[in-house]
Amino acid sequence: MRSKPYIALLPPVAAVTLVVAGLGIFDFTNRDKIAKGVIVSGVDIGGLNREQARAKLRADLMPALERPVEIQMKGRTFRLRAKESRIAVDLEGTIDDAIAAGRTGFFIPRAASTLAGVKHDKQLTADVGYSEAAVKRVVRRVQKGTSVKPIDAHFDFTPETGFKLVRSASGVTIDRKKLEAEIRSALVKPGSERSFKPDVKYDAPKIRTADLARQFPTLLVVDRSKFKLTLYKNLKKAKTYGVAVGAAGLETPPGKYTIANKAENPVWHVPDSDWAGDLAGKTIPGGVPENPIRARWLGIYDGVGIHGTNDPDSIGSNASHGCIRMRVPEVIKLYREVPVGTTIYIS
C-alpha cells in the first residue's frame, strides 16, 4: 500500500507534466513560425509563417533592392540596374535565419515567451546576392567617363601652327575602391541611399607651370607670317618687335633652336653664294658700311641669326637671306635680355 505523501504528489506532478507536454507540443507546432520582433532588412516578419514571410519579403523587400544604383559625376549619371547587377535574395535561407533567431534556448521558456507575446527584438539582414563583375564594370565606366589625367606644363610647337604654352593642370580620378564598397553596400541594403557622388582624388602634374617658368626664364618666339619676334620672361610676354625674315628661296628655317652665340658689332663671314656677288667668301669687319649685320648678333643655326639691319624699311617683309633682321635700337635692347642657351621657336 502506497504512502499518503506519495499519493499527494501525484496531482501536482501530473499537472506539471501536462504543462510541459503542452508547451512542447505548442513549440513543435510553431517550429516554422517566426517569433515576434524579428525584422529582416527593415521588414517586420514577426509572427508570420514561412509562406507569409516569403510573400511579405517579396512585396516589401524586392522593389527597394531592385532600384538602380546611380552615380553622379561631372553632370553625368551612371546607372547599375538590377538586371545587370543580377540582384537576388535567398528568401528561403533568409527565412530559415529568421526562424532560427527566435528558437534559441530550451523549448519551455521559448514556448512560454511565445505564448506571453514577448518580442525578441532581432534585427537581421537579408541574404542578398549580386554580380561582383557588374560592380567593377560600372566603376570602370565611371572612371573612364570622368577621369582626367594630369597635364604637365609644356610647349606645343609645330612649324605650321607655331608656339603654344600648355599650362599644367591637376588630374582628377575617382576613389575606385571606396566607390566599389559604396555600391556593394547600396546593393544589399534596401533602405540605403542609392544615388551618390563618389569621392575624387587629385593627381598633381609632374611639371607645373612655375617649374617650366624656372626652366625657361627667357624665351623667344618668331612668327614669320606676321613678321613679329616676341620676348617672354618667366613665360609672360615682355615685348614684341617687328622683324624681317628670309625672302623666297632663302627662307628663315622654322623649328626649335637655341641662341648659340652672341657678339657686338660682329664680323660678317660672307657665305660663298651667288647672291653675295664679289663679297662671296670674304670676311667683313664689324661696323663698316659693307657689313649689313649691324650692332648685335645672336646666332641661331647654320649661319642664321638675329641682327640689326642697315635697311630699317625692310622690317615687316620677306627681305633677308635667311636671318631675322631688327631695327638697331631694338636689337641692342634684346641683346641685353637674351643669354646664350635661350630657346627660340620659329614658326
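Since the model is a prediction, treat every value here as computed from it, not as a measurement.
In this structure the side chain of Val38 never reaches within 4.5 angstrom of the side chain of Lys36, judged on heavy atoms. Between Phe155 and Leu235, the closest side-chain pair of non-hydrogen atoms falls below 4.5 Å. At least one side-chain heavy atom of Leu57 sits under 4.5 Å from a side-chain heavy atom of Ile95. Residues Ile71 and Ile174 fail the side-chain proximity criterion, which asks for heavy atoms closer than 4.5 Å. Looking at Leu187 and Val135, their side chains come closer than 4.5 Å, going by heavy atoms from C-beta outward.
Smallest separation of non-hydrogen atoms from Cys323 and Ser320: O-OG, 2.6 Å. Shortest non-hydrogen contact noted between Pro285 and Asn291 is O-ND2, 3.0 Å. Of all heavy-atom pairs between Val304 and Trp297, the closest is C-CH2, 3.8 Å. Pairing each heavy atom of Ile259 with each of Lys262, the nearest pair is CG2-CG, 4.2 Å. Across all non-hydrogen atoms, the minimal contact from Asp44 to Lys56 is O-NZ, 2.8 Å. Between Pro198 and Met73, the closest heavy-atom pair is CG-SD, 4.0 Å.
Of the possible polar contacts, one joining the Thr252 side chain to the Gly322 backbone as a donor-acceptor pair under 3.5 Å is found. Judged by distance alone, the side chain of Asn318 and the main-chain N or O of Gly246 form a donor-acceptor pair under 3.5 Å. Proximity of a side-chain donor or acceptor of Arg141 to a complementary backbone N or O of Arg79 within less than 3.5 Å is detected. Within the 3.5 Å criterion, the main-chain N or O of Tyr202 finds no donor-acceptor partner in the side chain of Ser170. In this structure, Asn234 contributes its side chain and Lys236 its backbone to no donor-acceptor pair below 3.5 Å. Remark: side-chain polar atoms of Arg76 are paired, donor with acceptor, to backbone N or O of Gly145 under 3.5 angstrom. Checking side-chain atoms of Arg194 against main-chain N and O of Leu65 turns up a donor-acceptor pair under 3.5 Å. Not a single donor-acceptor pair under 3.5 Å links the side chain of Lys74 to the backbone N or O of Ser147. Glu251 places a side-chain N or O within donor-acceptor distance of the main-chain N or O of Gly249, the cut-off being under 3.5 Å. Under a 3.5 Å cut-off, the side chain of Thr342 and the backbone N or O of Pro339 do form a donor-acceptor pair.
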Candidate pair Lys239 and Glu337, rule salt bridge (Lys or Arg N to Asp or Glu O under 4.0 Å), full reasoning
CA-CA 11 Å; Lys239 185 70 176 177; Glu337 296 287 346; over 6 Å; no
Kindly indicate, with the supporting measurements, whether the criterion side chain to side chain contact (heavy atoms under 4.5 Å, CB included) is fulfilled by Gln72 and Ser195.
CA-CA 7 Å; Gln72 311 287 339; Ser195 179; 3.4 Å; yes
Assess the residue pair Thr146 and Phe78 against the criterion (side chain to side chain contact (heavy atoms under 4.5 Å, CB included)); give the C-alpha distance rounded to whole Å, side-chain angles, the decisive distance to 0.1 Å, and a yes or no.
CA-CA 11 Å; Thr146 62; Phe78 299 84; 3.8 Å; yes
Show me the donor-acceptor pairs within less than 3.5 Å that the side chains of residues 207-223 make with the rest of the protein, sequence neighbours left out.
| unit_1 | atom_1 | unit_2 | atom_2 | d |
| --- | --- | --- | --- | --- |
| Thr209 | OG1 | Ser168 | N | 2.9 |
| Thr209 | OG1 | Ser168 | OG | 3.2 |
| Asp211 | OD1 | Arg214 | NH2 | 2.4 |
| Asp211 | OD2 | Arg208 | N | 2.9 |
| Thr218 | OG1 | Lys233 | NZ | 2.7 |
| Asp223 | OD1 | Ser225 | N | 3.1 |
| Asp223 | OD1 | Ser225 | OG | 2.7 |
| Asp223 | OD1 | Lys226 | N | 3.3 |

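Note on Val245 and Tyr257: same hydrophobic cluster, where clusters join Ile, Leu, Val, Met, Phe, Trp and Tyr whose side-chain heavy atoms are under 4.5 Å apart, directly or indirectly. The hydrophobic cluster containing Val338 also contains Tyr301, counting ILVMFWY residues as joined when their side-chain heavy atoms lie under 4.5 angstrom apart, directly or transitively. The hydrophobic clustering, which links ILVMFWY residues whose side-chain heavy atoms are closer than 4.5 Å, places Tyr232 and Ile300 apart. One hydrophobic cluster holds both Val172 and Leu179 under the rule that ILVMFWY side chains link at heavy-atom gaps under 4.5 Å. When hydrophobic clusters are built by joining Ile, Leu, Val, Met, Phe, Trp and Tyr residues whose side-chain heavy atoms come closer than 4.5 Å, directly or via intermediates, Val331 is not grouped with Ile293.
The line from OG1 of Thr258 to CG of Leu298 is 11.5 Å long, rounded to the nearest 0.5 Å. The line from CZ of Arg294 to CD1 of Ile332 is 11.5 Å long, rounded to the nearest 0.5 Å. Note that the CD atom of Gln123 and the CD1 atom of Ile39 stand 4.5 Å from one another [nearest 0.5 Å]. Atom CD1 of residue Ile87 and atom CD of residue Glu66 lie 8.5 Å apart, to the nearest 0.5 angstrom. To the nearest 0.5 Å, atoms CD (Glu92) and CG (Asp90) are separated by 7.5 Å. In this structure, Ser185 OG and Ile183 CD1 are separated by 11.0 Å, a value rounded to the nearest 0.5 Å.
Each of Leu61, Thr94, Val40, Leu124 was compared with Ile45 under the side-chain contact (heavy atoms from CB on, under 4.5 Å) criterion, and only Val40 meets it.
Between the side chains of Arg325 and Ser314, at least one donor-acceptor pair of N or O atoms lies under 3.5 Å.
Scanning for salt bridge (charged side-chain N to carboxylate O under 4.0 Å, His left out) contacts around Arg140 gives an empty result, with sequence neighbours left out. Not counting sequence neighbours, Tyr241 has no partner by the ring-ring contact (aromatic ring centres under 6.0 Å, His included) test.
A cation-pi contact links Arg296 to Tyr335, judged by a cut-off of 6.0 Å to the six-membered ring centre and 45° from its axis.
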